[in-house]
Amino acid sequence: MMSEMHVGAPFRGDLYEELTHRAILECHKWNLGAGDQPTMCRFPLIVSSRLWNELGDMAEALVQEAVNAERELLDRPELHAFLGLSRKTASCLRGAPWSDAPRYTRFDFHPTDDGFRITESNCDVAGGLLEASGVGSILASLLGLEAPADPAGEFAEAFAQRLGRGANVGLAHLANYSEDRQVVLYLARRLQERGLKTWLFHPSQLRPGLRIATPSGAQSLDAVYRFLPGDWLEQLPGECGWKELFSSERVSNPLSTLLVQSKRFPLVWPELQSALPTWGRLLPETKAPLAKMEAETGWVLKPAFGHEGANIVLDGSTVSAVAGALWKRASRNPTGWVAQRRFESSTLDTPEGPRFPCIGIFVVGGKRAGGYARLSPTRVIGAAAQEAVVLVEEE
């Protein structure tokens, strides 16, 4: 497997400079550095077409299985308590309808000596559209290559087909975070290219009836794109009307995706009729955390709804004092946490030393739609990971 992926030669200095310059101007990409490390790799990740197709096949199968389970879970509210949802959020999902609103998912594949592994489904909110579509397209043009698959374009097209030209799409995000702002600015441009009107807003601007408060008055929306975690919405005041989002069929991604976004999703598999063979093959063994696991090295502790690698306990990577504190939190609230069997990720040789690769594959409307990679100096794919454009090498 590792023989079917390698990093390309480092970019020339002038090419990398133009890539980053255009990423800022054309894609609103502002997070170009973390500490003294550039966010974007100075080299691409090259994978064989056979491996790329295999990852796409697995991603499509995972999405189809997850969608079937999500639909079943909507009719099984008695299982929601096992997923780590708060009472407020669980009550909003009770009775929520199935929605066929435009949606996209990203699955992150980690190579091991025994095949690929996943750790969760990024189906509630998934980043990386800007990098996979925008930065990838710019690099392809600079290298004289065919443009890569375009998940942002596919997603925007799904909105256009659903709503028609002139429709109002609101893009909800936490505007105080520049990394979130850049994503919605980029997606707004892709929507505008297809004749849709866009309104960027902070969730606090939301009003009942799928409207938002603007300086010029209330604005009605035909659809809402949500770039903030669904489990965060309950922090909003009731007068915002945030509970309506759970029952609306005009919200993307639908909030029912929380049912399979939870890392405790595998704990309810025995109760489901939906078949999950691809999930069972790729996801590590998952259990409710027990106090005795703290002394074992074979388990990774995670919050049920963690984000960006935060609050993960991985032996050898997490400071012992921090690990102890997180295990105590899990013992006080075990339904909010999960333990996954640890797997050993393979490393990839790069010009900057060995890195742990993670390849994210996007699925839009059930079909593969491209992806991008992250390379991390540690086993946890977190803030220290760098983004890499994936180039597919024909056989």
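Heavy-atom basis, side chains included; hydrogens, waters and symmetry copies ignored. Not measured: the values here are computed from a predicted model.
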Verify side chain to side chain contact (heavy atoms under 4.5 Å, CB included) between I212 and V224, making sure each step is shown before the conclusion.
-> CA-CA 10 Å; I212 54 172; V224 167; over 6 Å; no

Does any part of the side chain of [Y], heavy atoms only, come nearer than 4.5 Å to the side chain of [X], both counted from C-beta?
X    : Y    : value
L51  : E54  : yes
R281 : M58  : yes
P254 : F246 : no
P97  : S247 : yes
E393 : E4   : no

Can you tell me if [atom1] on [X] sees more than 12 non-hydrogen neighbours from other groups inside 6.0 Å?
X    : atom1 : answer
E17  : CD    : no
Q273 : CD    : no
D349 : CG    : no

Apply side chain to side chain contact (heavy atoms under 4.5 Å, CB included) to R76 and list each qualifying residue two or more places apart in sequence or on a separate chain.
-> E72, E78, L79, E271

Please determine if R341 forms a cation-pi arrangement with W299, meaning its NZ or CZ atom is less than 6.0 Å from the six-membered ring centre and no more than 45° off the ring axis.
-> yes

Using the ring of Y16 (Phe, Tyr or Trp, six-membered ring only), decide whether R42 places NZ or CZ under 6.0 Å from its centre and within 45 degrees of its axis.
-> yes

Salt bridge check: are [X] and [Y] linked by an N-O gap of less than 4.0 Å?
X    : Y    : result
R190 : E157 : no
K287 : E285 : yes
R374 : E387 : no
K367 : E154 : no
D124 : R226 : yes
R103 : D100 : no

Tell me the closest heavy-atom pair linking [X] and [Y], and the distance in Å.
X    : Y    : result
L93  : L74  : O-CD2, 4.3 Å
A23  : M40  : CB-CE, 4.5 Å
A288 : L267 : N-CD2, 3.9 Å
L206 : W242 : CD2-CA, 3.9 Å

So V125 and L228, side chain to side chain contact (heavy atoms under 4.5 Å, CB included) or not? Walk me through it.
-> CA-CA 6 Å; V125 176; L228 69 152; 5.6 Å; no

Intermediate values then yes/no, side chain to side chain contact (heavy atoms under 4.5 Å, CB included), L85 and S262 | CA-CA 8 Å; L85 296 162; S262 171; 6.0 Å; no

Any side-chain donor near an acceptor of the partner, [X] and [Y], under 3.5 Å:
X    : Y    : value
R94  : H80  : no
Q219 : T214 : no
T278 : E65  : yes
S178 : D180 : no

Can you name the residues that form a ring pair (Phe, Tyr, Trp, His ring centres under 6.0 Å) with [X], not counting sequence neighbours?
X    : value
F343 : H110
F305 : none
F201 : none

Taking the six-membered ring for Trp, are Y225 and F155 ring centroids under 6.0 Å apart?
-> yes

Is the side chain of R50 donor-acceptor paired with the backbone N or O of V47 at a distance under 3.5 Å, no angle test?
-> no

OG-CG distance between S137 and L145, expressed to the nearest 0.5 angstrom = 11.0 Å

Yes or no on side chain to side chain contact (heavy atoms under 4.5 Å, CB included) for R165 and L196, after CA distance, side-chain angles and deciding distance?
-> CA-CA 5 Å; R165 293 183 64 87; L196 297 165; over 6 Å; no

Determine, stepwise, if the pair Q340 / K263 fulfils side-chain hydrogen bond (donor to acceptor under 3.5 Å, both in side chains).
-> CA-CA 9 Å; Q340 280 185 354; K263 295 181 184 65; over 6 Å; no

Taking only residues two or more places apart in sequence, or in another chain, which ones meet R106 in a salt bridge (charged side-chain N to carboxylate O under 4.0 Å, His left out)?
-> D108

Pairs where residues 228-251 contributes a residue and the test salt bridge (Lys or Arg N to Asp or Glu O under 4.0 Å) is met, not counting sequence neighbours = none

